There are 2 protein chains.
Amino acid sequence: MATITDVARVAGVSISTVSAALSGKRHVALDTRQRIEAVARSLGYHPNAGARMLAGTRAQMIALSAPLHADTSTPAHMRFVLGVTTAARTAGYDTLLLVQDEAAEGLERVSASALADGLVVMDVDAADRRADLVRRQGRRAVFIGMPDDTDGLTCVDLDFAQAAELCLDRLVAAGHRCIGLVGQPQVTYERGVNYARRFRDAFVAHAAALGVLCEVVTPEPGRAGAEAALRRLQLLLPDLTAVVLNASERTTRAFVRACGAAGVRVPEDLSIVSAGASFDTSEDEVPLDTVPLPADTLGARAVALLVAQIEGEAGPGVELLAPQYVARGSVAARTPAAGAAQD
Amino acid sequence: MATITDVARVAGVSISTVSAALSGKRHVALDTRQRIEAVARSLGYHPNAGARMLAGTRAQMIALSAPLHADTSTPAHMRFVLGVTTAARTAGYDTLLLVQDEAAEGLERVSASALADGLVVMDVDAADRRADLVRRQGRRAVFIGMPDDTDGLTCVDLDFAQAAELCLDRLVAAGHRCIGLVGQPQVTYERGVNYARRFRDAFVAHAAALGVLCEVVTPEPGRAGAEAALRRLQLLLPDLTAVVLNASERTTRAFVRACGAAGVRVPEDLSIVSAGASFDTSEDEVPLDTVPLPADTLGARAVALLVAQIEGEAGPGVELLAPQYVARGSVAARTPAAGAAQD
DNA sequence: TTGTAGGCGTTATCAG
DNA sequence: CTGATAACGCCTACAA
């Protein structure tokens with residue numbers, strides 16, 4: 001492998017001039033620089049990463065802690081990973097992928113060894129050990145999602161509470177007064193997954209504030225769970241005309257199919273909105289109105305905040321993205337006089 | 001951050017002894033080593049990665065080139081990524097994730113800069129630029145999948161040809177004589193994706209050898225494509241009794257649903273086998289017999305071969321995993337007298 | 001505008 | 001069994 005010394009020798013300059021010419025950190029005469037660049041290219045010179053880390057102040061590397069739980073949606077997960085990795089590369093950083101249960105240990109290792117300049121933490125739960133680690137060790141890190149205690153941390157997330165309110169506002173504006181929420185499986189709430197709770201709590205509170213009848217169901221994934229959820233909502237809310245889903249891809253699709261199987265037409269009999277999910281229903285049989293979880297945007301934003309933290313000065317803080325409503329025709333207007341969803 | 005010098009000072013030994021004690025690369029008196037280990041732990045010492053790369057011969061890092069094409073199945077992709085990353089960590093290596101279109105450029109960069117000791121290359125197509133790069137630059141690399149020219153390369157893959165034969169053998173043994181293949185979209189074959197071709201070609205050849213009637217369809221993803229594929233197979237093979245799918249999750253599920261919609265019962269009217277796919281149908285409405293593409297196993301095997309290449313001596317070569325047949329009841333026996341699939 | 005020289009933290013070689 | 005010491009390749013004052 002060619003080293004900076006080789007380049008300097010061939011170009012007939014000193015190594016510091018090569019370093020300066022290639023890094024742009026100081027002025028180098030135009031012709032000198034061009035000569036150096038040409039030599040570097042012809043020699044296939046790439047600065048040695050180890051030497052750079054050792055001498056420089058940056059490793060130009062971030063670590064991504066992306067554990068995969070049993071109830072994690074793989075496609076959504078992948079979208080976040082992609083978003084983070086792409087944004088990082090654009091900012092000149094490579095991404096180290098940490099997937100094991102050793103999530104916290106791995107973070108400790110890569111940051112203590114100065115392998116990574118900063119950490120992006122995905123799939124955060126209420127009492128996440130990684131939050132303590134970051135706080136205790138004062139690591140540069142950005143969380144995608146929020147633990148219960150965000151003190152001293154930098155977090156980015158969709159504003160799930162506002163998303164819930166947005167769904168309700170739209171449905172109420174369309175004349176709906178009895179609205180169900182199909183949420184995550186019970187175990188997800190129990191694990192303390194923060195966004196699920198925020199969505200549910202805001203949904204219930206805002207429905208009350210709007211004077212709307214609402215009920216929440218928390219189905220297990222799969223067909224049976226979805227069918228039971230539909231039946232249960234119909235039972236609890238005889239005048240049910242709309243449903244908001246904050247659920248996995250599988251549950252969401254199964255629910256739509258359950259409607260079909262039960263003879264419930266969407267949106268004529270039942271309006272449906274999917275919120276806080278990152279899968280695409282635009283080509284489904286029944287394209288759904290959604291309030292998407294923008295994985296790319298969140299990943300990119302997390303990287304931007306991390307880089308700011310690494311390179312400049314940026315204090316901690318929570319940044320919540322404003323939700324966007326995407327209409328696709330799965331919500332119908334309800335005249336005030338409209339009756340039950342079922343004939 | 002504590003350095004090796006700190007540890008040496010506190011433990012009252014020289015830095016070379018610390019290095020030796022912690023790396024185990026030479027004998028150190030038991031009590032000395034224990035003292036050093038205790039000091040290192042109490043100081044939270046982690047060897048500086050940059051210094052280690054620079055002085056040592058290994059970066060303890062592999063790069064994973066995992067570009068995401070439009071026709072890539074995200075969950076399958078993720079499973080490979082997980083398998084590779086987990087296996088690498090177990091072998092003491094961290095994984096650098098490369099996702100951009102800069103796939104080849106990124107590989108060049110990370111290996112020329114000695115950031116990565118070796119490369120794992122996913123999603124390989126027939127004339128993959130990354131194969132040329134590896135060959136030309138003599139990089140240590142393992143391909144998951146095979147380009148057309150595997151000369152000088154190390155590749156691991158499922159034996160798709162044998163998988164096709166296995167499916168046919170099972171179906172023929174069950175009495176089927178008219179068998180359709182639902183393959184990938186046309187564009188995938190045209191892109192030269194090697195496994196798709198190997199499966200199709202072996203399927204056609206083996207069917208001929210067995211004296212079985214067969215036809216191949218290459219549907220576009222989605223519901224309409226699947227329905228058209230079923231109709232077309234029924235048209236081409238009036239006595240169709242079995243179908244082998246080597247298709248995406250979406251197409252596979254859509255095809256099963258198309259059967260339901262067309263009143264074709266599985267397996268009474270039509271036997272189905274899914275081959276070379278890594279998604280799970282065991283909890284579907286109609287669990288399918290499969291010849292799985294074992295992403296974890298392939299990823300782990302790729303890492304094992306790469307580590308062998310990095311640490312020891314291991315020549316190039318292609319390693320094809322033997323396919324396994326997993327029965328789940330979607331194949332029914334056909335008495336010789338049985339007629340067409342449709343009444 | 002360019003060159004010189006010291007140091008980053010570790011490993012590895014070679015004396016002791 | 002242990003301790004000096006020379007690389008490793010690059011960055012960055014500082015000097016010219």
Side-chain angles (χ1 to χ4, degrees), chain A residues 1-37 39-40 43-61 92 109-117 311, chain B residues 1-37 39-40 43-61 92 94 109-117 310-311:
Chain A
M1 293 287 81
T3 71
I4 197 173
T5 311
D6 300 326
V7 177
R9 186 165 28 73
V10 174
V13 294
S14 75
I15 61 167
S16 58
T17 304
V18 175
S19 175
L22 297 179
S23 72
K25 289 199 179 171
R26 81 180 193 201
H27 276 292
V28 172
L30 182 62
D31 57 337
T32 315
R33 183 174 60 234
Q34 288 176 337
R35 182 155 36 94
I36 290 171
E37 282 168 353
V39 171
L43 260 46
Y45 168 71
H46 286 265
N48 179 285
R52 205 171 207 184
M53 286 187 201
L54 185 55
T57 58
R58 298 288 136 69
Q60 299 296 353
M61 176 106 73
R109 185 172 52 80
V110 299
S111 50
S113 66
L115 220 196
D117 302 317
E311 298 184 351
Chain B
M1 291 286 82
T3 72
I4 198 174
T5 310
D6 299 327
V7 177
R9 188 165 27 73
V10 175
V13 294
S14 73
I15 61 168
S16 40
T17 304
V18 175
S19 177
L22 297 180
S23 72
K25 290 197 179 171
R26 81 180 194 201
H27 274 293
V28 171
L30 183 61
D31 57 338
T32 314
R33 182 173 63 232
Q34 289 177 336
R35 183 154 37 96
I36 289 171
E37 283 167 353
V39 171
L43 260 46
Y45 168 71
H46 287 265
N48 179 286
R52 204 169 207 182
M53 286 186 200
L54 184 55
T57 57
R58 297 288 136 69
Q60 299 296 352
M61 177 105 70
D94 276 306
R109 185 172 51 80
V110 300
S111 49
S113 66
L115 220 196
D117 302 316
I310 293 170
E311 298 184 350

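Please read all numbers here as calculations on a predicted model, not as lab measurements. First the proteins, then the strands, lettered A, B, ... as listed; each starts at 1.
Minimum heavy-atom separation, Met53(A) to Leu115(B): CE-CD2, 4.2 Å. The minimum heavy-atom distance linking Val13(B) with Ile36(B) is given by the pair CG2-CD1, 3.9 Å.
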Using a 4.0 Å heavy-atom cut-off, write out nucleotides 7-16 of chain D from 5' to 3' as B (base contacted by protein), S (sugar-phosphate only) or - (no contact). -BBBBB----
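To the nearest 0.5 Å, atom OG1 of residue Thr3(A) and atom CZ of residue Arg9(A) are 7.5 Å apart. The CD atom of Glu37(B) lies 11.0 Å from the OG1 atom of Thr32(B); values are rounded to the nearest 0.5 Å. For the atom pair Asp94(B) CG and Arg109(A) CZ, the distance stands at 4.0 Å (nearest 0.5 Å).
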Before you tell me yes or no, could you show the steps for Ser16(A) and Ser19(A) under side-chain hydrogen bond (donor to acceptor under 3.5 Å, both in side chains), namely the whole-Å CA-CA distance, both residues' side-chain angles and the distance that decides it to 0.1 Å? CA-CA 5 Å; Ser16(A) 58; Ser19(A) 175; over 6 Å; no
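Residue Ser14(A) places at least one side-chain N or O closer than 4.0 Å to OP1 or OP2 of dG3(C).
Contact check for Arg52(A) versus Gln60(A): no side-chain heavy atoms found under the 4.5 Å cut-off.
Across its full length, the helix from dT1(C)-dA16(D) to dG16(C)-dC1(D) shows an angle of 30° between the axes of its 5 terminal pairs at either end, rounded to 10 degrees.
The closest donor-acceptor contact from the side chain of Arg35(A) to the backbone of Ala11(A) lies under 3.5 Å.
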